[in-house]
Amino acid sequence: MMYDTTAHLLLTPVDKEAPSRARRLRRLGIGLRPDLAFDAFADRLAVVTGAPYSMVNFIDENRQFFAGLHARDDTVSRYMARDHGYCPHVVVRRKALVLEDVRDYPRFAGNPVVDEIGIRSYLGAPLIDRTGTALGTVCVVDVEPRPWGRSGLETIKAMAAELIEQIHRREDGGI
């Protein structure tokens with residue numbers, strides 16, 4: 001757990017489900033290496049939302065891994081520390097998160113991705129599978145503030161549901 005000592009805000013939420021999530025990801029065989037299907041999904045997510053960056057993100061005890069990645073440049077790697085970004089909040093909360101301008105939210109404005117990568121807006125939804133495990137997220141980010149609005153929220157949640165169905169078909173041997 002990380003604290004901002006100047007503002008005394010919890011920056012990264014405690015994630016008690018991380019060990020069971022990591023076991024589930026290993027059983028599914030996802031979240032360990034880039035995946036062409038997840039890359040294609042991230043590409044489509046970027047087109048649908050008009051965002052320059054989109055990810056299919058799986059989170060274990062120590063890090064985040066973008067198994068699917070669409071990036072307009074090479075500033076985003078496939079790996080990110082667990083205390084960077086907003087996806088760990090989405091996974092722990094198990095609810096979508098809309099940040100039209102991260103600087104408007106003291107809890108999120110101090111996140112390292114704001115200064116290191118220049119992230120200004122975020123839209124993400126959890127990937128909750130049939131076992132009730134929050135595996136990770138689908139998300140989009142921008143370096144400019146974005147008015148995602150209700151339509152953005154509905155879109156990201158629908159895309160998360162679509163990807164979970166793909167993951168279930170894989171597990172069932174359908175893909």
Side-chain angles (χ1 to χ4, degrees), residues 2 11-26 28-35 37-71 76-100 102 105 107-108 111-114 117 119-142 146 148 151-168 170-171:
M2 302 239 350
L11 296 179
T12 305
V14 175
D15 185 357
K16 295 177 182 172
E17 295 181 4
S20 61
R21 175 182 320 104
R23 286 190 300 275
R24 177 75 173 134
L25 289 169
R26 283 192 298 276
L28 291 169
I30 59 177
L32 301 172
R33 61 190 153 288
D35 185 302
F38 294 150
D39 279 342
F41 190 90
D43 289 343
R44 193 162 62 85
L45 182 57
V47 169
V48 167
T49 62
Y53 303 98
S54 62
M55 297 86 161
V56 174
N57 185 12
F58 298 108
I59 303 172
D60 66 19
E61 300 100 319
N62 305 308
R63 66 178 182 169
Q64 303 176 68
F65 179 69
F66 304 130
L69 176 64
H70 171 90
V76 178
S77 86
R78 294 243 181 210
Y79 298 94
M80 186 175 284
R82 226 188 132 289
D83 63 345
H84 284 51
Y86 309 105
C87 292
H89 294 271
V90 171
V91 167
V92 170
R93 291 169 18 127
R94 303 171 67 86
K95 292 171 60 176
L97 178 63
V98 179
L99 301 172
E100 294 184 347
V102 298
Y105 304 89
R107 176 180 200 114
F108 299 114
N111 197 286
V113 297
V114 174
I117 303 172
I119 300 304
R120 286 289 302 277
S121 60
Y122 172 90
L123 177 64
L127 295 168
I128 301 174
D129 77 353
R130 62 174 61 132
T131 70
T133 304
L135 302 172
T137 67
V138 292
C139 69
V140 294
V141 297
D142 201 336
R146 291 282 299 263
W148 302 110
S151 65
L153 178 62
E154 291 172 4
T155 297
I156 201 74
K157 289 166 68 174
M159 296 293 284
E162 180 182 322
L163 186 58
I164 277 297
E165 287 305 313
Q166 288 181 23
I167 291 169
H168 289 161
R170 276 185 183 200
E171 183 178 28

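Annotation: F65 is not in aromatic contact with F58 [ring centroid separation under 6.0 Å not met]. Aromatic pair H70/F41: centroids not less than 6.0 angstrom apart.
To the nearest 0.5 Å, atom NZ of residue K157 and atom NZ of residue K95 are 9.0 Å apart. Note that SG of C139 and OH of Y86 are 11.0 Å apart. Values are rounded to the nearest 0.5 Å.
When atom types are taken as modelled, the side chain of R33 and the backbone of A67 share no donor-acceptor pair closer than 3.5 angstrom. R26 places no side-chain N or O within 3.5 Å of a backbone atom of G29 that could act as its donor or acceptor partner. Between the side chain of R21 and the main chain of G136, no donor-acceptor pair closer than 3.5 Å is present. Judged by distance alone, with hydrogens and angles left aside, the side-chain atoms of D39 form a donor-acceptor pair with the main-chain N or O of L69 at under 3.5 Å.
Taking the side-chain contact (heavy atoms from CB on, under 4.5 Å) definition, one finds that A161 meets it with nothing, sequence neighbours left out.
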* To do: Might you work through the salt bridge (Lys or Arg N to Asp or Glu O under 4.0 Å) test for D35 and R170, ending with a clear yes or no?
  => CA-CA 13 Å; D35 185 302; R170 276 185 183 200; 2.8 Å; yes

* W148 and L99: side chain to side chain contact (heavy atoms under 4.5 Å, CB included), yes or no, with the steps? -> CA-CA 8 Å; W148 302 110; L99 301 172; over 6 Å; no

* **side chain to side chain contact (heavy atoms under 4.5 Å, CB included) evaluation trace for E100 with S121** => CA-CA 5 Å; E100 294 184 347; S121 60; 5.6 Å; no

* Intermediate values then yes/no, side chain to side chain contact (heavy atoms under 4.5 Å, CB included), F38 and I167 -> CA-CA 10 Å; F38 294 150; I167 291 169; 4.2 Å; yes

* For M80 and F66, what are the C-alpha separation, side-chain angles and deciding distance, and is it a side chain to side chain contact (heavy atoms under 4.5 Å, CB included)? -> CA-CA 8 Å; M80 186 175 284; F66 304 130; 4.1 Å; yes

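Checking each of L123, V98, V90, L97 against I156 for a side-chain contact (heavy atoms from CB on, under 4.5 Å) leaves exactly one that passes, namely L123. Evaluated for a side-chain contact (heavy atoms from CB on, under 4.5 Å) with L25, the options I59, L135, L32 yield exactly one hit, L135.
Between F108 and Y105, the ring planes lie perpendicular to each other; the angle is over 60°, past the 30° to 60° tilted range.
The list of side-chain hydrogen bond (donor to acceptor under 3.5 Å, both in side chains) pairs with a residue in residues 125-141, not counting sequence neighbours, reads R24-D129, D129-T131, R130-E171, R130-D172, T131-T133.
M55 is listed as a side-chain neighbour of V141, based on a closest heavy-atom distance under 4.5 Å. The shortest distance between side-chain heavy atoms of V102 and N111 does not fall below 4.5 Å. The shortest distance between side-chain heavy atoms of L45 and V140 falls below 4.5 Å. At least one side-chain heavy atom of P88 sits less than 4.5 Å from a side-chain heavy atom of Q64.
Taking a cutoff of 4.0 Å between a charged side-chain nitrogen and a carboxylate oxygen, R23 and D60 do not qualify as a salt bridge. Salt-bridge annotation for R82 and D15: present, with a side-chain N of the basic residue lying under 4.0 Å from a carboxylate O of the acidic one. Contact check on R94 versus E17 returns a salt bridge, with a Lys/Arg side-chain nitrogen under 4.0 Å from an Asp/Glu carboxylate oxygen.
Closest non-hydrogen pair, G68 versus A42, comes out as C-CB, 3.8 Å. Residues A160 and A125 share a closest heavy-atom pair of CB-CB, 3.9 Å.
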